[in-house]
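Have a look at the structure below, then the notes.
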Number of protein chains: 2
Amino acid sequence: MDLKEGREKFIQSWGTLGSHWGINRTMAQIHALLLVSDEPMSANDIKDDLNISMGNVNMNIRALMDWGLVYKKLKSGERKDFYEAEKDMWKVVKCIVTQRKKKELEPMIRVLNEISQVKGEDKETQEFKKVIQEIKLFSSKADTALDNFMKSDSNWVLKTFFNVMK
Amino acid sequence: MDLKEGREKFIQSWGTLGSHWGINRTMAQIHALLLVSDEPMSANDIKDDLNISMGNVNMNIRALMDWGLVYKKLKSGERKDFYEAEKDMWKVVKCIVTQRKKKELEPMIRVLNEISQVKGEDKETQEFKKVIQEIKLFSSKADTALDNFMKSDSNWVLKTFFNVMK
DNA sequence: CTGAGTTTTCAAAAAATACTGAAAAATAAT
DNA sequence: ATTATTTTTCAGTATTTTTTGAAAACTCAG
């Protein structure tokens, strides 16, 4: 396998992986491309490399910047914007977890709080409230756990789960 | 808010949450419905409740069973199959993590292994291999960490991340 | 200020994904 | 064996998501 092939394969797979992680295929491919490119790339470079439209590059680059996975890097003497990827995998994971917690877990917890206000003394309602209560408790714990996870450093987490448990 | 409304809202939100977790909207709604239903339900009950076709119920129920999120429960004297949801949230999370690790992380690691065989002595190739190597190392660690995570019990994980860290 | 280069926007088109409905297969009761 | 019920399958349809391409809006050098 040569470089071109390997690079191609990586971009492809990273795209697939990303698409299961709330990052769409193209977004993840752009991220992959920037990951394996030593030099920052312009929107135009990316468009040519992946064979997609400028509009598409633009939208996805901006989304990637929102996620904190890609940075703008200005090259002196160049008018275009250049971009580079966050290459520290631990930071990448933290970015994704932070975003998804905010966009998914937190809204769910808000809904669970609302729902647990349901009125009614009948058995069915009580049953319902019990189930919701349990889910709420678990979710809140997970929420705090994730906050802590994100504060902790890569080594600690990996070491702990890597070895310590039986 | 009354029971009907609350139940509706829960199913709706759980559906949205699930759709970000590799579980499609309807699949997650079925799971939600079964979660808040004290009695096991038949495919027909589910179809009526969510206003979707039998075919849809059937496909999604089977997917849910593959994921390990729903069990078949036969009622004596009844010809139909009945279904109930896994209600232990810790188990639910474990199911999902296990499946996604298998379907996403493991294939990625295989690709990374292939790719790191790329031949070439030039600087560019060496750079590429270095990046891939780092990602591979991180992924393998994550893989083991997830295995351990899944072996550990809910209390341990939540307690550890809940408090212990600074 | 002008205009070439660059980025942004967004309606319409294309692609991917999910759903239906009807028919076929399986299962079980008579 | 026949019939009634339930489950499964899948081609066609509908919905959702992503992408394009062309126009508008910027930006900055001259």
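What's counted below: heavy atoms across the whole structure, side chains too, no hydrogens, waters or symmetry copies. In the text below, chain A, chain B and the rest are named by the order of the sequence lines, each starting its count at 1. If you're wondering where the values come from, they're calculated on a predicted model, not measured in any experiment.
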Protein-to-nucleotide contact annotation, 5' to 3' order, nucleotides 18-30 of chain C [B base; S sugar-phosphate only; - none; under 4.0 Å, heavy atom]: SSBB-----BB--
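Between the NZ atom of Lys47(B) and the C1' atom of dT7(D) there is a distance of 14 Å, rounded to whole Å. Rounded to an integer number of Å, the gap from CD of Gln29(A) to C1' of dT19(D) is 13 Å. Here dA29(D) presents its P atom at 13 Å from CD of Glu78(A), a figure rounded to the nearest Å. Protein atom NE2 of His20(B) is 13 Å distant from nucleotide atom C1' of dT16(D), rounded to whole Å. dT7(D) atom P lies 10 Å from atom CD1 of Ile46(B), rounded to whole Å. Taking atom CG of Leu74(B) as the reference point, atom P of dT6(D) lies 14 Å away to the nearest angstrom. For the pair Arg62(A) CZ and dT6(C) P, the computed distance is 18 Å after rounding to whole Å. Nucleotide dT5(D) holds its P atom 15 Å from the CZ atom of Phe82(B), rounded to whole Å.
Evaluation of the side chain to side chain contact (heavy atoms under 4.5 Å, CB included) rule for Asp49(B) yields Leu33(B), Met41(B) as partners, not counting sequence neighbours. A search for side-chain hydrogen bond (donor to acceptor under 3.5 Å, both in side chains) contacts involving Asp147(B) returns Lys101(B), not counting sequence neighbours. With sequence neighbours left out, Lys80(A) forms a salt bridge (charged side-chain N to carboxylate O under 4.0 Å, His left out) with no residue at all. Here Thr144(B) pairs with nothing under the side-chain hydrogen bond (donor to acceptor under 3.5 Å, both in side chains) rule; sequence neighbours left out. With sequence neighbours excluded, the residues that form a side chain to side chain contact (heavy atoms under 4.5 Å, CB included) with Thr125(B) are Leu3(A), Val118(B), Asp122(B), Lys129(B). The side chain to side chain contact (heavy atoms under 4.5 Å, CB included) test applied to Lys47(B) returns Asn44(B), Met54(B), Val57(B), not counting sequence neighbours.
Judged as a ring-ring contact (aromatic ring centres under 6.0 Å, His included), the pairs with a partner in residues 89-111 of chain A (not counting sequence neighbours) are, in order, Trp90(A)-Phe149(A).
If one axis is set at each end of the helix from dC1(C)-dG30(D) to dT30(C)-dA1(D) from five pairs, those axes are 10° apart, to 10°.
At distances below 3.5 Å, not a single donor-acceptor pair connects side-chain atoms of Glu127(B) with backbone N or O atoms of Val36(A).
Residue Asp81(A) is in sugar-phosphate contact alone, with no base atom involved, counting any heavy-atom pair closer than 4.0 Å across all strands shown.
Within the 4.0 Å cut-off from OP1 or OP2 of dT8(D), at least one side-chain nitrogen or oxygen of Asn58(B) is found.
Linking ILVMFWY residues whenever their side-chain heavy atoms come closer than 4.5 Å, directly or via other members, places Leu105(B) and Ile11(A) in the same cluster.
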